[in-house]
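Scroll down for the structure; my scribbles are underneath it.
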Amino acid sequence: MKIDFHSHVIPCEFLDAVAADPAGFSGVRVEIKDGERFLARDVIAIKLRTAYYDLAAKLAAMDRMGIDVAVISCGPPAYCYWLPAEQGARAARLVNDGIANMLAREPKRLRGMATLPLQDVDAAMQELERIAKCGCFRGVEMGTSVEGALIAEPKFRPLLKRIEQLKLFVLAHPYQPASKGGLDRYYLISSMGFPLDTSLLAAHLMASGALDELQSLQFVLPHGGGFLPYLIGRLEHAYHARPEPRANTAMSPRKHMKRF
């Protein structure tokens, strides 16, 4: 059986709400050009393949690629972390309800992850409890960072602990890599920035002691784990050679790798 663990959707429930009330999503809008949908924010417009929001197109794409089961998750353009808490919570509900509807219609071929309004931990906790009652979600998709704050930071720890208690996993997906050192050119923000963000988060989870606290929570790192598989020897060497990597954890990076 072939399972695709990194399969994004942006459900119609969310897109229709944005089209009807763009002001309620602080600048996000749905545009239609030559019969095709685009999700736009500011000057950036992302083309929405029909497989993002149309279940029949999704299944057809899976068939073409020989995929038996897809674990679907929210596409990053719909994270909406930049919104105020109340609006962000609304956006997350719309996406999660749309994903739940897809799962209900095709339970044999789809599994699902929920998204959370991470700009406000209390709002995220409320949505987490709501989706947990649905019983149809296997995990939670989280941006590696939220408006610049890595999810390894202490303020997210109660949320991660509750996800662990609910026996869900976390897909840590890059969100908005900072335009540092030239990443703003040549599309490097995606080709290099995304794997860099993934690697940075993993390193912080290991060194901060987060994985020591969250002893059973499993993290999925997309895009091949970023640069982490190729840097693990360097991180391991630093752990044994310097005191800083050992300040908050008694476990070496190579042992922590099993958590990803």
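Keep in mind that this is a model prediction, so the values were computed, not measured.
Once rounded to the nearest 0.5 Å, the distance linking NZ of K255 with NZ of K258 reads 8.0 Å. Rounding to the nearest 0.5 Å gives a distance of 13.0 Å between CG of D68 and NZ of K108. In this structure, CD1 on I67 lies 11.0 Å from CG on L59, to the nearest 0.5 angstrom. Taking CZ of F227 as the start and CG of L221 as the end, the distance is 13.0 Å to the nearest 0.5 Å. Separating the CG atom in N96 from the CD1 atom in I131 is a distance of 6.5 Å, to the nearest 0.5 Å. L205 CG to I151 CD1: the interatomic distance, rounded to the nearest 0.5 Å, is 6.5 Å.
Listed for the E236 side chain is no donor-acceptor partner under 3.5 Å among the backbone atoms of S252. Side chain of Q119 to main chain of C80: a donor-acceptor pair is present (N/O by atom type, distance under 3.5 Å, no hydrogens or angles). Between the T198 side chain and the F194 main chain, a donor and an acceptor come within less than 3.5 Å of each other. Using modelled atom types, no side-chain atom of R259 and backbone atom of F219 make a donor-acceptor pair closer than 3.5 Å.
For K167, the NZ atom sits in a loose shell: 12 or fewer heavy atoms of surrounding residues, nucleotides or ligands are nearer than 6.0 Å.
Contact between W82 and F25 at its shortest, heavy atoms only, is NE1-O, 3.7 Å. Pairing each heavy atom of A70 with each of S7, the nearest pair is CB-OG, 3.8 Å. The two residues M102 and L55 have their closest heavy-atom pair at O-CD2, 4.3 Å. In plain terms, the two heavy atoms of P77 and L39 that are nearest each other are CB-CD2, 3.8 Å. Minimum heavy-atom separation, V9 to A51: CG1-O, 4.4 Å. For H6 against H173, the heavy-atom pair with the smallest separation is NE2-NE2, 3.2 Å.
The closest side-chain heavy-atom distance from H256 to D212 is below 4.5 Å. Side-chain contact between L211 and M251 is absent, with no heavy atoms from C-beta onward closer than 4.5 Å. For the pair L201 and S145, the minimum side-chain heavy-atom distance is 4.5 Å or more. Residues L235 and L228 have side chains in contact (heavy-atom distance under 4.5 Å, counting atoms from C-beta outward). Side-chain atoms of L217 and V170, non-hydrogen and from C-beta on, do get closer than 4.5 Å to each other. Taking 4.5 Å as the limit, some side-chain heavy atom of P76 sits within range of a side-chain heavy atom of H8. Between F14 and C74, the closest side-chain pair of non-hydrogen atoms is not below 4.5 Å. A 4.5 Å side-chain heavy-atom check between L171 and V140 finds every atom pair outside the cut-off.
L103 and Y53 fall within a single hydrophobic cluster, where Ile, Leu, Val, Met, Phe, Trp and Tyr side chains are chained together by heavy-atom contacts under 4.5 Å. F169 and M142 are assigned to two separate hydrophobic clusters, defined by single-linkage of ILVMFWY side chains at heavy-atom distances under 4.5 Å. Hydrophobic clustering places V121 together with L168 (ILVMFWY residues linked when any side-chain heavy atoms are closer than 4.5 Å, directly or through intermediates). Connection of M192 to Y187 is not established within any shared hydrophobic cluster, with ILVMFWY side chains joined at heavy-atom distances below 4.5 Å, either directly or through further cluster members. A continuous path of ILVMFWY side-chain contacts below 4.5 Å connects M125 to L166, so both sit in one hydrophobic cluster.
Sorted by first and then second residue, the salt bridge (Lys or Arg N to Asp or Glu O under 4.0 Å) pairs with a member in residues 52-64 read D63-R109; sequence neighbours excluded. Pairs of residues two or more places apart, or lying in two chains, that qualify as salt bridge (Lys or Arg N to Asp or Glu O under 4.0 Å) and include a residue from residues 2-28 are D16-R37, D21-R90.
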L110/M62 under side chain to side chain contact (heavy atoms under 4.5 Å, CB included): CA gap, chis, key distance, verdict: CA-CA 10 Å; L110 300 179; M62 290 168 60; 4.0 Å; yes
Assess the residue pair F5 and R111 against the criterion (side chain to side chain contact (heavy atoms under 4.5 Å, CB included)); give the C-alpha distance rounded to whole Å, side-chain angles, the decisive distance to 0.1 Å, and a yes or no. CA-CA 9 Å; F5 229 97; R111 308 288 184 271; over 6 Å; no
Check the pair Y52, L15 against side chain to side chain contact (heavy atoms under 4.5 Å, CB included), reporting the backbone distance first and the verdict last. CA-CA 10 Å; Y52 269 123; L15 294 173; over 6 Å; no
Does T115 form a side chain to side chain contact (heavy atoms under 4.5 Å, CB included) with I99? I'd like the steps, not just the answer. CA-CA 10 Å; T115 187; I99 290 176; over 6 Å; no
Determine all donor-acceptor pairs shorter than 3.5 Å in which one atom belongs to a side chain in residues 152-159; sequence neighbours excluded.
residue : atom : partner : partner atom : Å
R157    : NH1  : E213    : OE2          : 2.8
R157    : NH2  : A152    : O            : 2.9

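Scored by the ring-ring contact (aromatic ring centres under 6.0 Å, His included) test, Y81 finds Y79, Y175 as partners (sequence neighbours excluded). Remark: R162 engages E129, Q165 in a side-chain hydrogen bond (donor to acceptor under 3.5 Å, both in side chains) (not counting sequence neighbours). In terms of the side-chain contact (heavy atoms from CB on, under 4.5 Å) criterion, residue partners of F38 (sequence neighbours excluded) are, by chain and number, E31, K33, E36, A45, K47.
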